[in-house]
Amino acid sequence: IMALLLACTLGTLGSPALSSSVGARRGGVRAGSAGALRSSFRARCAARRNMDATTSLRRHATPATQVVRRRVGGRAGVSSGEGRSLIEEEEREKAGLEEGKYRWDEYGVDIHYLVKKAQSTEDDAGSSSSPVLFLPGFGVGSFQFTSVMQEMGDDRDVFSFDWLGQGKSWPSDSEGLQFSSDLWVEQAATFIEDVIKKPVFLAGNSLGGYLGALLAARHPHLVKGVAMYNATPFWAFRPSADDDEAEAGAGRAGQQPQNALLARLFSTVWDGVLPAPKPYKEFASNLFDALRDEANVRRLLGLVYSSGTEAVLSRSFVKEIIDSAAHPEGPNAYASIVFSPKANIGFGEALEKGVQNGVSYLMVYGREDPWVVPLWGQRAYLRLRMAEQQQQQQHGDLQRVSYCELTPAGHCPHHEAPRTVGKVTEGWIRSMEREGREEEEQGGQHVTAGQVSTSTEIEKEQQQQQQKDDGQRSFPPLHREHGLMKERDGRQVRIQPIGDGVSPRNVGEWMGTLFLRQRARELLEKS
C-alpha cells in the first residue's frame with residue numbers, strides 16, 4: 001500500500017500538466033468543480049453524522065422515491081438487465097425471495113435488494129418481530145445471503161442489498177462520488193428510513209460487519225442490534241477527512257501537526273472523489289482487471305473459505321461476482337475505494353459507542369479465517385465487554401454481548417454454514433426481543449383504579465408468551481451451551497462460545513490470546 005501511495009504521489013508531482021489534462025478529461029468542467037463536489041459530499045456526510053439520535057424515522061418516502069419489487073421465485077424467474085439469472089433456477093422455487101430496486105434520489109441511482117416478506121397469519125397479526133438487514137462484504141452482493149435468509153424466522157421481514165458500486169447497484173455516472181465508508185453508512189441509513197421504515201437488526205459479514213458497527217454508533221435510533229460475521233477491524237488507509245482538517249487547522253494556527261510527515265504526504269494524494277487522475281486510474285484499472293479474473297476469484301475464495309465447503313463455491317456464485325464487477329464504472333469505483341479516507345471513528349470506538357447507546361451485539365466468527373483470525377474477534381469482544389461493564393449500572397445484569405466461533409468455517413460463515421448461522425442469529429434476535437418486552441412490562445405495569453386484570457390472568461398471558469418464545473427459539477443461549485449443528489448438505493459445524501477458549505495457531509496469537517483471556521476473565525469476575 002505504501003509503495004502504491006508513493007508511486008502515485010510521485011506520478012502526480014512529476015506531471016506539471018496533470019491539472020490541465022484532468023480538466024480536459026472531465027470534458028470542460030469548470031475549475032474548482034472537484035472541490036465543490038468534494039465539499040458537497042462531506043457536508044452531506046457530516047450532516048448525517050451530527051443527526052440527533054432521537055430523530056424519528058421518516059415514515060414515508062419522498063414523492064420521487066420509487067420502490068419496485070418483483071418475485072424471484074416462480075415459473076417465470078427474474079433476470080438482471082444483462083439477462084443473467086439472479087439465483088440458480090432450482091433455488092428460486094424454494095427461496096421465496098423478491099427482487100427490488102430502490103431509487104436513491106439524492107444520488108440518482110437505483111439500489112438493488114432482496115427481501116423475504118413475513119408470512120403473516122391470524123395468530124401472528126400484530127406481531128412485533130423486528131426486520132433484519134443483511135450487509136454484504138466487499139466484492140460480493142445480496143446473492144451471497146440467499147441461503148441464510150431462508151433460515152430466518154417466517155414472521156419477520158428479511159432484507160439484503162448491494163452496496164453502491166458493487167453487486168447490481170451502480171451509478172450511470174460516478175463523477176462527484178467518493179466510494180467511502182461514509183457513503184455506504186449513509187446508504188444503509190437511508191434504506192432503513194425509506195424502505196424498511198422501522199428499526200432493524202443488522203447482520204454483516206467482513207466489510208458489512210464493520211459498516212454495521214459504524215451505523216449503530218452514528219444512528220442508534222435505527223439499530224436494535226448488530227450481528228457481526230468475521231467483521232473486518234479496519235478499512236482504508238488514508239486518514240479521515242476530519243483528521244485532514246484538524247492537521248490543516250493546526251498548521252494554520254502555527255502549531256506542529258501530530259503527524260506532520262504523514263499529513264504532508266497525504267495532502268498530495270488524491271482523496272477518492274471521482275473522476276480519478278490518470279496515474280491513479282491506470283493503476284487501479286490494471287489491478288481491478290487482475291482481481292476480477294475468474295482464476296484469481298476462485299483462488300481467493302479457496303483461500304478464505306474453509307476446507308470441506310468447496311460445494312458452496314459453485315460456478316454460478318463465482319459468475320455472480322465476476323458479472324457484478326463487469327460494470328463500466330467498476331474500475332472508477334475501485335480506484336475511489338482504494339484512495340477514499342477512513343471513517344471519522346475507528347472500529348473499536350464504534351463498538352464502544354454502540355454499547356453506550358444500548359445496542360446489542362452478536363459475534364459469529366469462523367475459526368479457519370486466514371484474514372480475520374480469532375485474535376481479532378477476541379479483541380473486539382474484549383472491547384465490547386469493557387464498554388458493557390461500564391454500562392452495568394444502567395442495564396443491570398443484562399447480557400448484551402455474545403460471541404461464538406464456528407468450526408469448520410472461514411471468512412464467510414453465513415455462506416459456508418448458512419443453517420447454523422441463521423439459527424444462531426434468529427435465536428439471538430428472539431432472545432433480545434423477549435428481554436425487550438420484559439423491560440417494557442416491568443417499566444409499564446401500573447395498576448389503576450379501573451383496572452380489573454387479576455394476577456392469575458397476567459401470569460397466564462406471560463406463560464403463553466414464554467411458550468411461544470420457547471417454541472420459536474432455535475438455539476439455546478450462547479453463553480450457556482455449545483454443540484454441533486448439521487447443515488443441509490450433511491456437514492456438521494461446531495458452535496463454540498468464547499468461554500470455552502480458542503486454540504491459538506501461532507506464537508503471535510498465543511501471546512495475544514493469553515493476554516485477552518486474562519483481561520476477559522477479570523471483566524467477567526467483576527460483572
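Atoms considered below: every heavy atom in the structure, side chains included; atoms not considered: hydrogens, waters and symmetry mates.
From F288, atom CZ reaches atom CG of D293 across 12.0 Å, with rounding to the nearest 0.5 Å. Atom CD of E186 and atom CG of L215 lie 11.5 Å apart (nearest 0.5 Å). Taken from NE2 in H414 to CZ in F145, the straight-line distance is 3.5 Å, to the nearest 0.5 Å. Annotation: the span from M363 atom CE to L384 atom CG amounts to 6.5 Å, rounded to 0.5 Å. With rounding to the nearest 0.5 angstrom, the CD atom of Q378 is 6.5 Å from the CG atom of L375. If you take CD on Q496 and CG on L406, they are separated by 10.0 Å, rounding to the nearest 0.5 Å.
W163 pairs with exactly one of L183, L135, V140, I337 by the side-chain contact (heavy atoms from CB on, under 4.5 Å) rule, that one being L135. When F161, Y102, F191 are each tested for a ring-ring contact (aromatic ring centres under 6.0 Å, His included) with Y113, only one passes: F191. Partner of W235 under the ring-ring contact (aromatic ring centres under 6.0 Å, His included) criterion, chosen from F138, Y210, F347: F138. Checking each of D154, T146, D157 against K116 for a side-chain hydrogen bond (donor to acceptor under 3.5 Å, both in side chains) leaves exactly one that passes, namely D154.
By the ring-ring contact (aromatic ring centres under 6.0 Å, His included) test, F201 is found to be paired with W428, residues two or more places apart in sequence or in another chain being considered. Y361 meets the ring-ring contact (aromatic ring centres under 6.0 Å, His included) test with no other residue; sequence neighbours excluded. Taking the side-chain hydrogen bond (donor to acceptor under 3.5 Å, both in side chains) definition, one finds that T425 meets it with Y229, sequence neighbours left out. Take W376 and apply the side chain to side chain contact (heavy atoms under 4.5 Å, CB included) test, not counting sequence neighbours, and it matches P233, F234, V372, V373, R379. Taking D162 as the reference, nothing meets the salt bridge (Lys or Arg N to Asp or Glu O under 4.0 Å) condition, with sequence neighbours excluded. For D489, the salt bridge (Lys or Arg N to Asp or Glu O under 4.0 Å) partners two or more places apart in sequence, or in a different chain, are R491. Remark: S336 pairs with Q178, F179, W270, L274, S340 by the side chain to side chain contact (heavy atoms under 4.5 Å, CB included) rule, at least two apart or across chains. Every residue was checked against the side-chain hydrogen bond (donor to acceptor under 3.5 Å, both in side chains) condition with N205, not counting sequence neighbours, and none meets it. Take R383 and apply the salt bridge (Lys or Arg N to Asp or Glu O under 4.0 Å) test, not counting sequence neighbours, and it matches E352. Remark: A350 engages A213, L214, A217, I345 in a side chain to side chain contact (heavy atoms under 4.5 Å, CB included) (not counting sequence neighbours). When the side-chain hydrogen bond (donor to acceptor under 3.5 Å, both in side chains) test is applied to T407, the partners found at least two apart in sequence or on another chain are E368.
Side-chain N/O atoms of T420 and E487 include a donor and acceptor closer than 3.5 Å.
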With a cut-off of 3.5 Å and sequence neighbours excluded, list every side-chain donor-acceptor pair involving residues 295-306.
residue, atom, partner, partner atom, Å
N296, OD1, R299, NH1, 2.4
N296, ND2, A290, O, 2.6
Y305, OH, Q144, NE2, 3.1
Y305, OH, H415, ND1, 2.7
S306, OG, E416, OE1, 2.9

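When all heavy atoms are compared, the tightest approach of G139 to Q166 is N-OE1, 2.7 Å. Contact detail for P413 and G366: the closest heavy-atom pair is CG-N, 4.2 Å. Considering all non-hydrogen atoms of both residues, V226 and G212 come closest at CG2-O, 3.9 Å. Of all heavy-atom pairs between P341 and P239, the closest is CB-O, 3.1 Å. In plain terms, the two heavy atoms of L164 and Q187 that are nearest each other are N-OE1, 2.9 Å. Closest heavy-atom contact between S130 and K224: OG-NZ, 2.7 Å.
Look at R430 and D155 and you find a salt bridge, because one of the NZ, NE, NH1 or NH2 atoms lies within 4.0 Å of a carboxylate O, short of that distance. Looking at K197 and D194, no side-chain N of the basic residue comes within less than 4.0 Å of a carboxylate O on the acidic one, giving no salt bridge. Note on R156 versus E426: salt bridge recorded, some NZ/NE/NH1/NH2 to OD/OE distance being below 4.0 Å.
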Criterion side chain to side chain contact (heavy atoms under 4.5 Å, CB included) on W184 and L207, from CA distance to verdict: CA-CA 10 Å; W184 291 326; L207 171 63; 3.7 Å; yes
Take E99 and L114 through the test side chain to side chain contact (heavy atoms under 4.5 Å, CB included) and record every step on the way to the result. CA-CA 5 Å; E99 181 185 27; L114 296 177; 4.2 Å; yes
Does N230 form a side chain to side chain contact (heavy atoms under 4.5 Å, CB included) with S206? I'd like the steps, not just the answer. CA-CA 5 Å; N230 291 64; S206 191; 5.9 Å; no
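Not one N or O on the side chain of E320 forms a donor-acceptor pair closer than 3.5 Å with the backbone of F143. Panel note: side chain S402, backbone L362; no donor-acceptor pair is recorded below 3.5 Å. In this structure, E405 contributes its side chain and Y365 its backbone to no donor-acceptor pair below 3.5 Å.
For the pair K423 and M485, the minimum side-chain heavy-atom distance is below 4.5 Å. Residues L287 and Y334 form a side-chain contact, since some pair of their non-hydrogen atoms from C-beta on lies under 4.5 Å apart.
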